Amino acid sequence: MKHLLLSLLALVLLVCGLTVAASFFLKSTVEDMTREAIMSMAGPGESALEGVTFSPLTREITITGWRTRHSTTDGPVSAHAPTVHGKVTFRGVFACMPVLGTLINNADTMVPVLDNVRARDLAWSSAERHVTLARVEVGTVRIRFGLLQQYTLGLRPPFAQAVSGIHVDRVDADNLTLVLANPQNAMQLSSKTMEIKDARGTGAKSCTFKNVTWTLPGEILTSREVTLNDIRVSPALLSELVALTSKRPRTPRANTHLVEALVANGPIVARAGLRDLERTGARNAAPFFMENCDLVWTDDKPFNVEAHVRGMRLSQRFVQENALPVNMDGMEEIHLEADLASSGITEVRETGLVRLKDLADISYTLDLDGATMNVTGLVLTLRDYGLMARMARTISPDPHAASMLLKASANSLCQGDDEKGRQTCERIADFVDAPGSLTLKRRADVPPASMVELALNVLSARLGYLFEAEVTQGGASLTTQTEKIYGLGR
């Protein structure tokens, strides 16, 4: 047993000695490969490094003074990292050996080459944007062995190929700041922390921003957390996006290639989430709060998306400032939830359900021609739970007078219609008289029309030309409902 332990100890010491010796022998190779990899992954434009230093004893590698500059249609874009530190793994050292590397790896082997990569004070700038990161830490970095071999030979593969050959298990960053300097769209976004998990080439499992603040003209928005899940950008799409920033003029063929790459890629993000969004610190603006908002791309086609809003609260002041015709007496805030969806390319269908607690449920189905965006179908349904009574209260404290005015307003929407069209407004007046549910359906004999044309018909008092109405009256008149909410004699 003693001889076995001594033999194992000798073997371990031999391996360690060989590794250190190999590190000294490969010092310049590791430095050159690192330099080539950085230059290749910097993308188009000019890149420069002040130095790359590898310590054979500690396997620590230090990169100093990395800068890149790229000319785009919007002006120059530059990036800068003063100092980057990392530790080369044992497998990373072995992978640099001309013979041993090919014995233990094949071209597709993802070799762990770096651990504990650290950088501070990173910056990226363009004419209208400026991004800074106070600190970045990266876990294990793996590079495809075939890519490492190209760097060993002094080759620089295309940008998309270089990026797609890298896997990173995690990225942690602090104090992200984005500033938009465009005076017409001034904005500052900041995030206390950012975390990326399982970044594989041009995609990632998730990206999470915490304690996010948007500073806009006149208001400030905050969110506890913003998440992006299942991020996917194919090498082909990445190449097209990089080409999009080039100074060279775009051709119709190039634009076609970009669209094809977008469709083939599918959703860039499978799910995006917003948590605890709040308007705070706004100058002369009413606050509002939203607990959750999720955007979900439901399949591989990028044109099928759902939106789900939960826990949204609109204050009295918000309702008043946005001129919403709802009397808020006895209500501190409006609680809102929504489920929206959009699908299709050549034939687009949009659906939605908005729930206003103790007020109404509003649902719709909108069909559009994908080429012209003309409306080919529309169904709108309102189920009343108190909304009409509160709208009446904004018109007059006298429920009966308010009801008469609302019915007169409903009938005026069909003044330009024929007798058949005026029946639509008569049914709407029935709904106003005893609110229950109201459904407006686009008439089948109306040709497809743009949103502007529909609006012009409504403004011309021809609502009946566009829609037919279905009404189910409620169990009580509008006058009775109003008196129930506000009480007699108020």
Side-chain angles (χ1 to χ4, degrees), residues 41-45 47 66-84 117-138 159 163 168 170-197 199 202-233 237-238 241-242 244-246 267-283 285 290 293-295:
M41 289 181 289
S47 296
W66 173 73
R67 295 179 182 275
T68 182
R69 184 179 177 86
H70 173 44
S71 295
T72 71
T73 53
D74 297 323
V77 174
S78 62
H80 178 224
T83 306
V84 180
V117 180
R118 309 168 312 280
R120 290 186 177 275
D121 301 326
L122 278 71
W124 180 93
S125 297
S126 69
E128 297 181 351
R129 298 174 182 84
H130 186 65
V131 181
T132 59
L133 280 167
R135 180 195 65 90
V136 175
E137 289 189 4
V138 180
F159 173 64
V163 174
V168 177
R170 64 170 181 82
V171 178
D172 296 312
D174 291 342
N175 298 322
L176 165 68
T177 301
L178 164 64
V179 178
L180 295 180
N182 186 339
Q184 297 179 346
N185 190 27
M187 183 195 79
Q188 178 173 314
L189 182 149
S190 63
S191 176
K192 187 68 175 176
T193 63
M194 178 183 73
E195 180 185 35
I196 301 174
K197 291 183 178 179
T202 54
K205 182 179 180 181
S206 66
C207 180
T208 303
F209 304 87
K210 293 189 176 181
N211 298 323
V212 181
T213 301
W214 292 269
T215 304
L216 305 167
E219 64 180 326
I220 298 173
L221 301 175
T222 62
S223 176
R224 176 175 58 84
E225 183 177 279
V226 178
T227 58
L228 306 173
N229 292 323
D230 295 330
I231 303 167
R232 296 184 299 177
V233 179
L237 178 56
L238 180 62
L241 293 174
V242 171
L244 190 62
T245 66
S246 172
I268 293 178
V269 176
R271 190 182 191 99
L274 198 63
R275 305 289 173 259
D276 296 341
L277 177 69
E278 187 172 7
R279 178 194 272 175
T280 60
R283 296 196 303 269
M290 181 168 59
C293 178
D294 290 296
L295 292 173

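Nothing here was measured: the structure is a model prediction, and the numbers come from that model.
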Assess whether atom CZ of R170 is packed by more than 12 heavy atoms of other residues, nucleotides or ligands within 6.0 Å.
-> yes
When rounded to the nearest 0.5 angstrom, what distance separates OG1 in T208 from CG in L228?
-> 8.0 Å
Checking S191 side chain against M194 main chain: does a donor-acceptor pair fall under 3.5 Å?
-> no
Got a second to check how far F209's CZ is from T193's OG1, nearest 0.5 Å?
-> 9.5 Å
Between OG1 on residue T215 and CD on residue Q188, distance to nearest 0.5 Å | 5.5 Å
Scanning both residues in full, the closest heavy-atom pair of N229 with V269 reads O-CG1, 3.6 Å
Any R271 side-chain heavy atom under 4.5 Å of L295 side chain | no
Does any non-hydrogen side-chain atom of W214 lie less than 4.5 Å from one of S223?
-> yes
Do you know the tightest heavy-atom contact between L238 and V233?
-> N-CG1, 3.9 Å
Nearest 0.5 Å please: distance from the CG atom of L176 over to the NZ atom of K210.
-> 15.0 Å
Between E219 and R279, is there a side-chain N and carboxylate O pair less than 4.0 Å apart?
-> yes
Decide yes or no on side-chain contact (heavy atoms from CB on, under 4.5 Å) for V84 and V117, but give the supporting numbers first.
-> CA-CA 7 Å; V84 180; V117 180; 3.8 Å; yes
Does D230 pair with R232 as a salt bridge, N-O distance under 4.0 Å?
-> no
Side-chain touch T213/I220, heavy atoms, less than 4.5 angstrom | yes
From CA spacing to verdict: side-chain contact (heavy atoms from CB on, under 4.5 Å), K192, N175 = CA-CA 5 Å; K192 187 68 175 176; N175 298 322; 3.8 Å; yes
Decide yes or no for T227 and S206: does some side-chain heavy atom of the first lie under 4.5 Å from some side-chain heavy atom of the second?
-> no
May I ask you to test the T222-V212 pair for a side-chain heavy-atom distance under 4.5 Å?
-> no
Taking the side chain as C-beta and beyond, is there a heavy-atom pair between D294 and R275 under 4.5 Å?
-> yes
Does R129 reach the side chain of V179, with side-chain heavy atoms less than 4.5 Å apart?
-> no
If you round to the nearest 0.5 Å, how far is CZ of R67 from NE2 of H80?
-> 3.5 Å
Check each of L122, L178, T177, L189 against V131 using the side chain to side chain contact (heavy atoms under 4.5 Å, CB included) test, and report the only one that passes.
-> L178
Does some side-chain heavy atom of V168 sit less than 4.5 Å from a side-chain heavy atom of I196?
-> no
Apply the test side-chain contact (heavy atoms from CB on, under 4.5 Å) to residues E278 and L221: give CA-CA distance (whole Å), side-chain angles for both, the deciding distance (0.1 Å), then the verdict.
-> CA-CA 6 Å; E278 187 172 7; L221 301 175; over 6 Å; no
Hey, what do you get for CG (D174) to CG (L133), rounding to the nearest 0.5 Å?
-> 9.0 Å
